[in-house]
Amino acid sequence: MTSSGPPSSGALTAAAKKTPLHAVHAGLGARFTDFAGWSMPVRYTSELAEHRAVRTAAGIFDLSHMGEIEVSGPEAARALDHALVNEPSKTAVGRARYSMLVHETGGVLDDLVVYRLAETEYLIVANAGNAQIVCSTLRDRIDGYAATIRDASSDWALIAVQGPRSAAIVGAATEADLALLKYYGITPMRLADQDVLLARTGYTGEDGFEIYCRAEAAPSIWQAISSIGASHGLLPCGLACRDTLRLEAGMPLYGQEITIRTTPFDAGQGRVVVFGKPGGFVGEQALLAHRAAGPARVLVGLTTTGQRAPRHGYAVLDPDTGETVGEVTSGALSPALGYPIAMAYLAADRQEPGTKVLVDIRGSRVDATVVPLPFYHR
C-alpha cells in the first residue's frame, strides 16, 4: 500500500522539499527528518504516545509528500489494465484498489492505490520516492491509448486521520454522512469549509480517512481537524509511529518488503495480480512463470524473545546449523503487543507458523518463531 516510509536518520539539506503543512509542524515542535528528499515530521513528542493515540483514539498525519498522478480519457481504463497488474477497468466509480506497477521481469517498481473518480478519470497515489518513475513509466505504457496523464503531485496535499475516533472527528467537520463511505471508497465533499476528496483508506490497521485537498487548503483543514480532535485524544503523528503501526498491521513497505527484486508473489500480494486480461499487461509472462515455479522465498512474520528488536537487514539463521535462511525486512518492539515483531523473507520451506529460527541481532543469536501476519487485529 501506499506508504510514507520508515523514519530516516538522513540529514536535512537546504534543498529538501517542504509540504504545505511544514510551518504548522514547526509550530507544533516537530522533529524533522529527510525522507525521499522531503523534510517530514518524524515525531512531535513521543513516537510511543503517538502510536498509542492511533490505536486508542486518533492521530493526524501529513502525507503530502506522496505522489498523485491523474490519468483520464476514454481509454484510461484499458490503458491502466495494460500498465498495472490488476484490472482498474473493473473498479467501480467511487472505489479504490491496491495495485502494483511491475517491470517486464515481474519486479515491483511501486505499489499504488488507484482511485476511480469518474468513468474516465483515475487518481493514482504513488510512494514519495517513486512518483517520478511511476509517472514516466505510466506515460510510456499508455502511449497509443486515448488517455492522458498528468503528475498532479504539487496540486494536492494529503492529510490522514486514523484511529477508532477518526469517524467521529472527521464527521464533525462535514455535513456528509460518513457511514455511507465504505472502506476503500472515495467521494468529493465539503469538509472544514473546503472542497476535498475524502477516502476511507489508510496504512495503520485502524479505521481512518485520507483527505485529498488543494495545497493551499491544507493548513486550515489540519487546524480544523486538530481542534475537533483535541477532545477525542487526537495527536499529531510523525513517520516514526506510522512505521510501527503499519508493521503491526503486517503491511509491506516499498524499499523494505517490496523492491524491484521482489515480485507481488514474494511479498504475499499475488492476489492483486489479474491474469488473462484482454491484451495482457506488462510483466504478465514473467509473473506467470514465477507463479508456476513458486516463490523461492516468502514474506513471513516473526516474533522474538527478549526486548531487542530485529532490524532491517539482520540475518535469519537455521537453529541447528547456523546457516542463513533469510533476512529481516522490518522490525520493532511492538507498542501494542509489548514484544519484538518483525517481517522477514525466509526460504519457502520455512514459512509454516510455529517454525523455529534464530535472528542474529548484532552478534547475539535470538530465538524467533514464524507467526501469521498481521500481528495486530483491531
Side-chain angles (χ1 to χ4, degrees), residues 1-6 8 17 19-20 34-38 40 61-72 76-77 79-88 91 95-104 106-117 121-143 147-160 184 186 197 199 201-204 210-215 218 239 242-243 246 251-264 267 269 272-273 281-283:
M1 164 10 284
T2 56
S3 60
S4 55
S8 164
K17 292 181 283 188
T19 78
D34 174 86
F35 180 75
W38 290 82
M40 297 300 297
F61 300 83
D62 178 13
L63 306 179
S64 301
H65 60 318
M66 304 289 281
E68 287 86 12
I69 298 161
E70 298 171 352
V71 179
S72 60
L80 290 177
D81 283 355
H82 167 69
L84 304 176
V85 300
N86 69 335
E87 203 165 18
T91 303
R95 301 290 299 168
R97 289 193 186 182
Y98 177 75
S99 187
M100 289 183 172
L101 178 73
V102 303
H103 189 269
E104 288 85 348
V108 181
L109 293 168
D110 200 14
D111 63 332
L112 315 158
V113 174
V114 181
Y115 296 100
R116 192 169 197 173
L117 303 181
E121 184 180 345
Y122 291 84
L123 177 66
I124 298 172
V125 181
N127 285 295
N130 293 336
Q132 288 188 351
I133 192 169
V134 169
C135 193
S136 64
T137 303
L138 287 177
R139 181 171 285 112
D140 290 342
R141 292 185 185 181
I142 72 172
D143 186 35
T148 59
I149 184 170
R150 189 172 81 92
D151 184 351
S153 301
S154 60
D155 294 348
W156 291 99
L158 175 55
I159 296 169
Y184 260 56
I186 186 168
L197 290 173
T201 49
Y203 192 57
T204 62
E210 294 184 320
I211 304 164
Y212 294 86
C213 63
R214 295 300 168 187
L239 295 186
R242 190 167 173 81
D243 196 49
R246 71 92 194 167
M251 295 176 170
L253 173 67
Y254 198 90
Q256 305 279 107
E257 284 75 36
I258 304 171
T259 72
I260 187 63
R261 297 179 297 281
T262 63
T263 73
Q269 303 297 317
V272 306
V273 181
F281 65 93
V282 179

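Computation of the quantities below employed the complete heavy-atom set of this structure, encompassing side-chain atoms and omitting hydrogens, waters and symmetry-equivalent molecules.
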Exercise: identify the closest heavy-atom pair between [X] and [Y]:
X    : Y    : result
N86  : P88  : O-CD, 3.3 Å
V102 : V282 : CG2-O, 3.4 Å
A79  : I142 : CB-CG2, 3.6 Å
T19  : H65  : CG2-N, 4.3 Å
S64  : P20  : CB-CD, 4.1 Å
A267 : I258 : CB-CG1, 4.1 Å

How long is the gap from [atom1] on [X] to [atom2] on [Y], to the nearest 0.5 Å?
X    : Y    : atom1 : atom2 : answer
R116 : I124 : CZ    : CD1   : 12.0 Å
F61  : L239 : CZ    : CG    : 9.0 Å
L117 : T91  : CG    : OG1   : 11.5 Å
S153 : D151 : OG    : CG    : 4.0 Å
Q269 : D111 : CD    : CG    : 8.0 Å
I159 : D62  : CD1   : CG    : 7.0 Å

Measure the shortest side-chain to side-chain distance between [X] and [Y] over non-hydrogen atoms and say whether it is less than 4.5 angstrom.
X    : Y    : value
L112 : L84  : yes
S99  : V272 : no
E210 : V125 : no
E121 : E70  : no
R242 : M40  : no
N130 : L109 : no
H103 : I260 : yes
Y203 : L63  : no

| query | How would you list, by chain and number, every residue that makes a ring-ring contact (aromatic ring centres under 6.0 Å, His included) with Y115, sequence neighbours excluded? | reply |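 Result, ring-ring contact (aromatic ring centres under 6.0 Å, His included) vs Y115: Y212.
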Using modelled atom types and a 3.5 Å cut-off, is there a donor and acceptor pairing between side-chain atoms of [X] and backbone atoms of [Y]?
X    : Y    : result
D110 : N127 : yes
Y254 : V108 : yes
S136 : Q132 : yes

| request: Answer yes or no: are there more than 12 heavy-atom neighbours, outside I133 itself, under 6.0 Å from its atom CD1? | output: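 Atom CD1 in I133 is not packed in, count stays at 12 or less.
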